[in-house]
2 protein chains.
Amino acid sequence: MTTQPSQIQPTGIPEEINGLRMTRQRQEVYRFLMGEQSHPTANEVFIRIKEALPNVSLATVYNCLEALVQHKIVRQVNFDREPSRYCPNLDEHGHFHDETTGTIHDVKFKPGIKLTDLLDLPPNTVIKDIEITLRGQLA
Amino acid sequence: MTTQPSQIQPTGIPEEINGLRMTRQRQEVYRFLMGEQSHPTANEVFIRIKEALPNVSLATVYNCLEALVQHKIVRQVNFDREPSRYCPNLDEHGHFHDETTGTIHDVKFKPGIKLTDLLDLPPNTVIKDIEITLRGQLA
DNA sequence: GAACTTAATTAGAATAGTTCTTGATCTAAA
DNA sequence: TTTAGATCAAGAACTATTCTAATTAAGTTC
């Protein structure tokens, strides 16, 4: 039985993603987010990865999240002025905020829909990012 | 020549809108927003209405804006974690944030488009509010 | 209109999420 | 191994916003 290839760490996360070196802290942050549908806040990530890395600091969690966002490995999601949340789903999608439970759900477009086709945008507009937020209740 | 009806104040804003009593401070906040396409922040509103009301406080501006938003007289718009901005346009529309100039533009839907028809929402979902944010450049 | 009640305003303190600073530690390369 | 640069930790600092307490204004009742 041979050893694992060096790209694979104990966390199961590659050493590098999209040009970002995946340090142990970034791996833990990323791994946790990947297993969550709940769109955790920085503080929730912090509390959770302390189990694996007791000495990790909140500042590091913020640094990791910022690095992951900038390298398009996760998405940052904002609802009004609430704490930012983080989402591992990179497909174009919106977020539905259920006011009753406080939970957040990803919302896909129906097949074949391209949002920019439906908007009355000025000509020569280059769109780099779209964010769709819905608020309401699951009746 | 008779006097003006008592509903009309010197600012030209009615005494009440959507059940909200329009105090002098609220009038000034509202009047300023109505004349702006620039989606000002609370602080920008504050600086501007101090010209008419030198003793107004920033807390009052926040109070006024909150009251106007809650009574659906203006909309609060958020871009990431930047300071909230305020928009007098109540039609369903999105916001395009031009990264080059930092300006914000309202974006309409093409005629006949209803966003909720295009989204793959769970059944029995009651949508109370939609926010669409675009970021990019006017090339 | 005077007394009373409630709402609105002000000023400044407090809060909370996030960012910054500094020094220590780790990593990759030479 | 040495060096340079990146990353991390801890706590201070920052900033938009909210809260608190006291004052003022407005509306209501007599």
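Below, read A as the first sequence line, B as the second, and so on, with proteins coming before strands; counting in each chain starts at 1. Not measured: the values here are computed from a predicted model.
If you take CD1 of I47(A) and C1' of dG17(C), they are 14 Å apart, rounded to a whole angstrom. Between the CE atom of M22(B) and the P atom of dA7(C) there is a distance of 18 Å, given to the nearest Å. L20(B) has its CG atom 15 Å from the P atom of dA26(D), to the nearest Å. Distance CD (E15(A)) to P (dA6(D)): 18 Å, rounded to an integer number of Å. The separation between Q70(A) atom CD and dA6(D) atom P is 14 Å, rounded to whole Å. Atoms CD (E16(A)) and P (dA6(D)) sit 14 Å apart, rounded to a whole Å. Distance, Q27(A) CD to dC8(D) P: 10 Å, rounded to whole Å. Between Q25(A) atom CD and dT25(C) atom P the separation is 14 Å, expressed in whole Å.
At the heavy-atom level, T60(B) lies under 4.0 Å from base atoms of the strands shown.
Under a 4.0 Å N-O distance rule, the pair D80(A)/R135(A) qualifies as a salt bridge. Residues K128(B) and E99(A) are paired through a salt bridge, judged by an N-O separation under 4.0 Å between the basic side chain and the carboxylate.
Between H105(A) and H95(A), the distance from one ring center to the other does not fall under 6.0 angstrom.
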What does nucleotides 13-25 of chain D look like as a protein-contact string, B for base, S for sugar-phosphate only, - for none, at under 4.0 angstrom between heavy atoms? ---SSBB------

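Screening Q27(A), M34(A), E28(A), R26(A) for a side chain to side chain contact (heavy atoms under 4.5 Å, CB included) involving I13(A) leaves a single residue, Q27(A).
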If you apply the rule side-chain contact (heavy atoms from CB on, under 4.5 Å), what do you find for V69(A) with Y86(A), and how did you get there? CA-CA 9 Å; V69(A) 168; Y86(A) 297 87; 3.9 Å; yes

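Applying the 4.0 Å criterion to OP1 and OP2 of dA7(C), one finds that R21(B) has every side-chain N and O outside that range.
Counted within 6.0 Å of CD on Q37(A), heavy atoms from surrounding residues, nucleotides or ligands total 12 or fewer; the atom is thus considered open.
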